[in-house]
K.L.:
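I am attaching a structure below and will ask some questions about it afterwards.
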Amino acid sequence: MNTSYYIRITIVLFIIGVMMAVLYNTVQQPVERDTRDVWEVREELAQEKRRHSDLLKEIRTLNEVMKRYESVAQSSPEVALRETVERLESDVGLTTYTGPGVQLILKPSPEAIALGTTLAPVPPALLMQLVNSLYEFKAVTIAIDNQRMIQTSAIRDINGKTTVNGKPLAMPPLAIQVGTMNMEEAKKLKSQLEASTLIDSFYLDDVILEVSEPQEEVIIAKYADKVHVDYLQQMDKGD
């Protein structure tokens, strides 16, 4: 009888001990609070509102394109199909781009030249960061050292050389052409680049990133290689 009594007391004390340990751990490690100040929260909210506004603009543009295609398709299906093909080729990068944009120049820093530092290729990771930022800043199309970037383009290190589309890039200085929707977007992209940390990131690798003034006409050659389509097949006429 006494043994059963002591066992029950032991179990109750064990449960109380576990509960006390959990309570102590909760007090010692409170839930992390958001320590951002009001301006940081407002800036994040402003960014989200800008993204929302951009999405609405894109939806409005696509709706206008759809209405125009429906109107053309009813009167002339051949014209609608040809316009669709031309638009898709342009979006993919299979046509030469001529329009507003900016030009970037990557060249050795004056310190590297003065000290006789051995020039090295632009690191692929840094170049990918630049490309991602350019697309985030609303770039329409990009060419690096005359290599047109498309959806399947890759920036890699192959045998110590930085390559784009499998082609090794020239040593700095080298040019990067960036196309935008209009001159307003070109001016905005220039300002965003100059305000970003990218210029400092390149400088740490002894490379100067220069951004030209926005230009009314930037010419970017079409993608030179063949685009491989793995999941589509061309149908015979009459199918």
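Numbers here are sequence positions counted from 1.
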K.L.:
How long is the gap from CE on Met171 to CG on Asp145, to the nearest 0.5 Å?
P.N.:
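So the gap between those two atoms works out to 12.0 Å.
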K.L.:
Between CD of Glu216 and CE of Met183, what distance do you get to the nearest 0.5 Å?
P.N.:
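If I round to the nearest 0.5 Å, the distance is 4.5 Å.
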K.L.:
Find out whether Leu130 and Ile144 are in side-chain contact, i.e. whether some heavy atom of one side chain is under 4.5 Å from a heavy atom of the other.
P.N.:
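No - every pair of side-chain heavy atoms lies 4.5 Å or more apart.
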K.L.:
Between Ser153 and Asn165, what is the shortest heavy-atom contact and its length?
P.N.:
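Answer, listing the atom of Ser153 first, then Asn165: OG-OD1, 2.7 Å.
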K.L.:
For Tyr97 and Gln177, run side chain to side chain contact (heavy atoms under 4.5 Å, CB included): C-alpha distance rounded to whole Å, both residues' side-chain angles, the deciding distance at 0.1 Å, then the answer.
P.N.:
CA-CA 10 Å; Tyr97 171 86; Gln177 284 79 32; over 6 Å; no
K.L.:
I want to check something: taking the side chain as every heavy atom from C-beta on, are Leu189 and Lys138 in contact at a cut-off of under 4.5 Å?
P.N.:
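The answer is no; the side chains never approach within 4.5 Å.
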K.L.:
In this structure, are over 12 heavy atoms from other groups packed under 6.0 Å from Glu184 atom CD?
P.N.:
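For Glu184, atom CD is not crowded (no more than 12 foreign heavy atoms under 6.0 Å).
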K.L.:
Return the minimal non-hydrogen interatomic distance between Glu213 and Lys190, and the atom names on each side.
P.N.:
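Looking at all heavy atoms of both residues, the shortest contact is OE2-CE, 3.5 Å.
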K.L.:
Do the non-hydrogen side-chain atoms of Ile176 and Leu174 ever get within less than 4.5 Å of each other?
P.N.:
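Result yes, sub-4.5 Å side-chain heavy-atom pair found.
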K.L.:
Are Val140 and Leu104 co-members of a hydrophobic cluster defined by side-chain heavy atoms under 4.5 Å apart?
P.N.:
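Each belongs to a different hydrophobic cluster.
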K.L.:
Any non-hydrogen side-chain atom of Ile208 less than 4.5 Å from a side-chain atom of Ile105?
P.N.:
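No, side chains not in contact.
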K.L.:
Mind checking the CG-OG1 spacing from Leu127 to Thr163? Nearest 0.5 Å is all I need.
P.N.:
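So the gap between those two atoms works out to 10.0 Å.
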K.L.:
State, yes or no, whether a side-chain contact exists between Gln129 and Asn132 at a heavy-atom distance under 4.5 Å.
P.N.:
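The answer is no, as the side chains (C-beta and beyond) never meet within the 4.5 Å cut-off.
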K.L.:
Mind checking whether Val131 and Leu169 sit in one hydrophobic cluster, side chains of I, L, V, M, F, W, Y counted as touching below 4.5 Å?
P.N.:
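Looking at the clustering, Leu169 is in the same group as Val131.
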K.L.:
Does the side chain of Asp205 come within less than 4.5 Å of Leu126's, by heavy atoms?
P.N.:
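Yes; the side chains approach each other to less than 4.5 Å.
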K.L.:
If you count every heavy atom of other residues, nucleotides or ligands that lies below 6.0 Å from Lys187 atom NZ, does the total exceed 12?
P.N.:
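Counting neighbours around NZ of Lys187, 12 or fewer heavy atoms of other residues, nucleotides or ligands fall under 6.0 Å, so no.
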K.L.:
What heavy-atom pair brings Pro172 and Lys107 nearest, and what distance separates the two atoms?
P.N.:
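Smallest interatomic distance, heavy atoms only, reads CB-CA, 4.0 Å.
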K.L.:
Of all the heavy-atom pairs spanning Ala186 and Pro214, show the shortest one and how long it is.
P.N.:
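Shortest heavy-atom separation between Ala186 and Pro214 comes out as CB-CB, 3.8 Å.
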K.L.:
Verify the cluster assignment for Phe137 and Phe202: are they in a single hydrophobic cluster under the rule of side-chain heavy atoms below 4.5 Å apart?
P.N.:
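As far as the 4.5 Å side-chain criterion goes, Phe202 and Phe137 are connected within one cluster.
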K.L.:
Starting from Ile219, can I reach Ile142 by hopping between I/L/V/M/F/W/Y residues whose side chains sit under 4.5 Å apart?
P.N.:
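Result: no, two separate clusters.
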K.L.:
In Å and rounded to the nearest 0.5 Å, what is the CG to CG distance from Leu209 to Leu106?
P.N.:
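Separation between the atoms: 5.5 Å.
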K.L.:
Flag yes if Ile199 and Val122 sit in one hydrophobic cluster, no otherwise; membership is Ile, Leu, Val, Met, Phe, Trp, Tyr, and two members link when side-chain heavy atoms are under 4.5 Å apart.
P.N.:
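Same hydrophobic cluster.
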K.L.:
Return the CD to CD distance between Glu210 and Glu194, rounded to the nearest 0.5 Å.
P.N.:
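CD of Glu194 is found 10.5 Å from CD of Glu210.
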K.L.:
Pro121 and Gly160: which non-hydrogen atoms are nearest, and at how many Å?
P.N.:
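Between these two residues, the closest heavy atoms are CG-O, 3.7 Å.
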K.L.:
Between Pro124 and Arg156, is any pair of side-chain heavy atoms under 4.5 Å apart?
P.N.:
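Side-chain contact under 4.5 Å: no.
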K.L.:
For atom CE of Met181, decide whether the heavy atoms of other residues, nucleotides or ligands shown that lie under 6.0 angstrom number more than 12.
P.N.:
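At most 12 heavy atoms, drawn from other residues, nucleotides or ligands, come within 6.0 Å of this atom.
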K.L.:
Could you state the interatomic distance from OH (Tyr203) to CD (Glu111), rounded to the nearest 0.5 Å?
P.N.:
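One finds 3.0 Å between OH of Tyr203 and CD of Glu111.
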K.L.:
Restricting to non-hydrogen atoms, name the atom on Thr141 and the atom on Met149 that form the minimum distance, rounded to 0.1 Å.
P.N.:
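It is OG1-O, 4.5 Å.
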